[in-house]
Amino acid sequence: MIPSAFEYLRPTSLAEATRLLARHADEAKVLAGGHSLVPLMKLRLSRPSMLIDIGRLGELRGIHEENGTLVIGACTTHYAAESSALLQQRCPLLAETAAAIGDVQVRNCGTIGGSIAHADPAADWPAAMVALNAQFTLASSKGTRTISASEFFVDMLITAMQSDEILTEIRVPSNPPRTGSAYLKVAQPASGFALTGVAAQVTLGTDHRVQQVTVGITGVSSKAFRASATENALRGQAATAEAITQAAAHAADGVEALDADIHASPEYRLHLARVYTKRALLRAVERAGS
Ligand SMILES: Cc1cc2nc3c(=O)[nH]c(=O)nc-3n(C[C@H](O)[C@H](O)[C@H](O)COP(=O)(O)OP(=O)(O)OC[C@H]3O[C@@H](n4cnc5c(N)ncnc54)[C@H](O)[C@@H]3O)c2cc1C
């Protein structure tokens, strides 16, 4: 339970943080809320010899809207997202997802950027990120680049981020009118991590047909994925319970589930994906129409 020795640095700006990371990329790790990294270090599954603490950089915190796009600083805590009036109003899926994470202590310390960068297959944020087509801004000493959520998540705990890059912000479009969303999960009772988490967003036409629908699923396979077959089956259809039930039956088509563990078999995870996709879509449609 005692990590190996490490040097601790706390830069006062993002520019300083990226410079430090460029110089020490092979040995250093970025520290945000510490709720995933520190337990790994205590178990000696991760042994960085240097921590670069970005958790208190004000420029990486906060939520604002820019021309219809919501911009969330990477070091914004889960609690700040959960309680953001802007998110509740302009993209409630994000506030609802944040509220589903762990317990209040975890939500007060953990950050959205830390969760995304960690890419735990059972984390909640990735489902919403792929469902919302989120764009991530990555900064290094060489400049910045933008990458979509679906390109970013590569595999279990593996992302497309380079070792000298810092995730600085998350961008998602704010909701068009007649849009409803829902995040529903089956939580592992001890930690709250998702055995299955489904983020669904639906935009209805004035004729009550499904104009746009996206579904992101976490906890089931090695990375969050879009339920494309469900989306394709539902787009353009009347938003009825029957159409949703039929479409949700395809939520796990072609998906390779995680191996069995003490919590669930692969078959159970796939079953939960289909059941919770149906429930999340029904709730999203209800909210879109109200
Ligand atoms: C008891 C417990 C219960 C939990 N339950 C849940 C749950 O139900 N659902 C859920 O989704 N999560 C859960 N978590 C995880 C929690 O959400 C973490 O906060 C989150 O996974 C990591 O965020 P962090 O800010 O603590 O990151 P850290 O632990 O500081 O960092 C995690 C990793 O990301 C890297 N990193 C951090 N920020 C950046 C950045 N901006 N750019 C580049 N790399 C970065 C670090 O180098 C490290 O490799 C739980 C954690 C605990 C301890």
Side-chain angles (χ1 to χ4, degrees), residues 3 6 8-11 14 17-18 20-22 24-25 27-43 45-57 59-61 72-82 94 96-129 136-140 144-145 147 152-153 156-170 183-197 199 216 218-219 223-224 263:
F6 59 88
Y8 173 85
L9 301 175
R10 196 198 302 162
L14 175 63
T18 52
L20 285 170
L21 199 54
H24 302 285
E27 46 180 323
K29 275 265 180 200
V30 165
L31 178 73
H35 263 45
S36 291
L37 181 57
V38 173
L40 287 181
M41 289 172 64
K42 287 184 166 184
L43 292 168
L45 295 172
S46 180
R47 297 168 179 237
S49 58
M50 178 182 290
L51 289 186
I52 300 174
D53 186 352
I54 59 166
R56 289 179 233 191
L57 290 180
E59 62 194 295
L60 295 186
R61 284 182 176 234
I72 307 169
C75 289
T76 303
T77 61
H78 309 316
Y79 176 73
E82 168 190 3
L94 292 176
E96 191 171 15
T97 302
I101 294 174
D103 53 33
V104 72
Q105 288 88 346
V106 172
R107 295 199 292 277
N108 263 316
C109 286
T111 67
I112 182 169
S115 174
I116 290 168
H118 192 55
D120 191 312
D124 293 290
W125 280 122
M129 293 299 132
F136 302 149
T137 308
L138 305 176
S140 72
T144 61
R145 67 179 174 122
I147 183 168
F152 182 85
F153 296 113
M156 184 181 295
L157 305 179
I158 299 174
T159 73
M161 195 167 50
Q162 301 299 311
S163 58
D164 64 345
E165 287 181 316
I166 293 176
L167 171 60
T168 58
E169 63 185 22
I170 295 99
Y183 181 67
L184 295 181
K185 85 193 245 197
V186 182
Q188 198 242 91
S191 68
F193 274 105
L195 289 185
T196 296
T218 189
K223 62 173 183 169
H263 306 295

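Counting starts at 1 for both ligands and their atoms, following the listed order.
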Asks: Backbone or side chain, does any N or O of Glu165 fall under 3.5 Å from an N or O of ligand 1?
Replies: no
Asks: Given Phe6 and Met41, is the side chain to side chain contact (heavy atoms under 4.5 Å, CB included) satisfied, shown in steps?
Replies: CA-CA 10 Å; Phe6 59 88; Met41 289 172 64; 3.6 Å; yes
Asks: In terms of residue, atom name and distance, what is the protein heavy atom nearest to atom 12 (N) of ligand 1?
Replies: Phe193 CE2, 3.2 Å
Asks: Is the His78 ring parallel, tilted or perpendicular to the Trp125 ring (thresholds 30°, 60°)?
Replies: tilted
Asks: Return the closest protein heavy atom for atom 49 (O) of ligand 1 as residue, atom name and distance.
Replies: Lys29 NZ, 3.3 Å
Asks: Would you mind checking which non-hydrogen protein atom is closest to atom 37 (C) of ligand 1, with the distance to 0.1 Å?
Replies: Gly114 CA, 3.4 Å
Asks: Do His118 and Leu40 come close enough that some side-chain heavy atom pair is under 4.5 Å?
Replies: yes
Asks: For atom 4 (C) of ligand 1, tell me which residue out of Ala194, Gly73, Ser36, Ser191 has the closest non-hydrogen atom.
Replies: Ser191
Asks: Is there a side chain to side chain contact (heavy atoms under 4.5 Å, CB included) between Ile166 and Ile52? Walk through the geometry before answering.
Replies: CA-CA 11 Å; Ile166 293 176; Ile52 300 174; 5.8 Å; no
Asks: State, yes or no, whether a side-chain contact exists between Thr77 and Arg61 at a heavy-atom distance under 4.5 Å.
Replies: yes
Asks: Take Leu37 and Val30 through the test side chain to side chain contact (heavy atoms under 4.5 Å, CB included) and record every step on the way to the result.
Replies: CA-CA 9 Å; Leu37 181 57; Val30 165; over 6 Å; no
Asks: Would you check if Pro3 and Lys42 make a side-chain contact, meaning some heavy-atom pair closer than 4.5 Å?
Replies: yes
Asks: So for ligand 1, is Pro39 a polar contact partner (N or O within less than 3.5 Å, distance only)?
Replies: no
Asks: Might you point out which heavy atoms bring Ala187 and Gly192 nearest each other, and give the distance in Å?
Replies: CB-O, 3.6 Å
Asks: Looking only at protein heavy atoms, which one is nearest to atom 42 (N) of ligand 1, and how far off is it?
Replies: Leu167 N, 2.9 Å
Asks: Which ligand 1 atoms, with their elements, are less than 4.0 angstrom from a heavy-atom of Asp124?
Replies: 7 (C), 8 (O), 9 (N), 10 (C), 11 (O)
Asks: Hey, is ligand 1 close enough to Trp125 that some N/O pair sits below 3.5 Å?
Replies: no
Asks: If you take the nearest heavy atom of each of Leu138, Asp103, Val30, Leu31, which one is closest to atom 39 (C) of ligand 1?
Replies: Val30
Asks: Show me which atoms of ligand 1 lie under 4.0 Å from any heavy atom of Gly192.
Replies: 7 (C), 8 (O)
Asks: With sequence neighbours excluded, what pairs up with Ala22 under the side-chain contact (heavy atoms from CB on, under 4.5 Å) test?
Replies: Ser141
Asks: Mind checking whether Leu57 and Cys75 have side chains closer than 4.5 Å, heavy atoms only?
Replies: no
Asks: Report yes if the side chains of Leu14 and Ile54 come closer than 4.5 Å at any heavy-atom pair, otherwise no.
Replies: no
Asks: Please round to the nearest 0.5 Å and tell me the distance separating atom CD of Glu82 and atom CD1 of Ile112.
Replies: 12.5 Å
Asks: Can Ile112 be said to touch ligand 1, with heavy atoms closer than 4.0 Å?
Replies: no
Asks: Out of Ala100, Gly102, Cys75, whose heavy atom sits nearest atom 6 (C) of ligand 1?
Replies: Gly102
Asks: Check for me whether His78 has a heavy atom closer than 4.0 Å to any atom of ligand 1.
Replies: yes
Asks: Evaluating non-hydrogen atoms only, which member of Gly197, Ala139, Ala117 is closest to atom 35 (C) of ligand 1?
Replies: Ala117
Asks: Looking only at N/O atoms, are Ala123 and ligand 1 under 3.5 Å apart anywhere?
Replies: no
Asks: Do Leu60 and Thr168 have side chains that get closer than 4.5 Å, going by heavy atoms?
Replies: yes
Asks: Considering non-hydrogen atoms of the protein only, which is the closest contact for atom 26 (O) of ligand 1, and what is the distance?
Replies: His35 N, 2.7 Å
Asks: As an exercise, identify every atom of ligand 1 less than 4.0 angstrom from a heavy atom of Gly34.
Replies: 24 (P), 26 (O), 27 (O), 28 (P), 29 (O), 30 (O)
Asks: Taking a cutoff of less than 4.0 Å between a non-hydrogen atom of the residue and any ligand atom, is Asp120 in contact with ligand 1?
Replies: no
Asks: N/O of Ala122 under 3.5 Å from N/O of ligand 1, yes or no?
Replies: no
Asks: Taking side chain as C-beta onward, heavy atoms only, is Met129 less than 4.5 Å from Asp124?
Replies: no
Asks: When you measure from atom 25 (O) of ligand 1 to every protein heavy atom, which one gives the shortest distance, and what is it?
Replies: Thr111 OG1, 2.6 Å
Asks: With sequence neighbours excluded, what pairs up with Glu169 under the side-chain contact (heavy atoms from CB on, under 4.5 Å) test?
Replies: Val71, Thr137, Arg171
Asks: Would you mind running through ligand 1 and noting each atom that sits below 4.0 Å from a heavy atom of Ala32?
Replies: 25 (O), 30 (O), 37 (C), 38 (N)
Asks: Numbering the atoms of ligand 1 from 1, which are under 4.0 Å from a heavy atom of Ile54?
Replies: 40 (C), 41 (N)
Asks: Between Val106 and ligand 1, which part of the residue brings a heavy atom under 4.0 Å of the ligand: side chain, backbone, both or neither?
Replies: side chain
Asks: Check this for me - ligand 1, Met161, N or O atoms closer than 3.5 angstrom, yes or no?
Replies: no
Asks: Mark up the atoms of ligand 1 that fall under 4.0 Å of a heavy atom belonging to Gly33, in ascending order.
Replies: 24 (P), 25 (O), 26 (O), 27 (O), 30 (O)
Asks: Give, for atom CZ of Phe136 and atom CZ of Arg145, the distance between the pair rounded to the nearest 0.5 Å.
Replies: 12.0 Å
Asks: Would one find an N or O of Val38, backbone or side chain, under 3.5 Å from an N or O of ligand 1?
Replies: no
Asks: Could you check whether any heavy atom of Lys185 sits closer than 4.0 Å to an atom of ligand 1, since that is the contact criterion I want to use?
Replies: yes
Asks: Given side chains that start at C-beta, do those of Leu94 and Ile170 come closer than 4.5 Å, heavy atoms only?
Replies: no
Asks: Pairs of nitrogen or oxygen atoms closer than 3.5 Å, one from Leu37 and one from ligand 1: do any exist?
Replies: yes
Asks: Would you name the heavy atoms of Arg107 and Ala99 that are closest together and state the gap between them?
Replies: NH1-O, 3.5 Å
Asks: Show which atoms of ligand 1 fall inside a sub-4.0 Å distance from at least one heavy-atom site of Gly110.
Replies: 19 (O), 25 (O), 26 (O)
Asks: Under 4.0 Å from a heavy atom of Ser115: give me the atoms of ligand 1 that qualify, with their elements.
Replies: 20 (C), 21 (O), 22 (C), 23 (O)
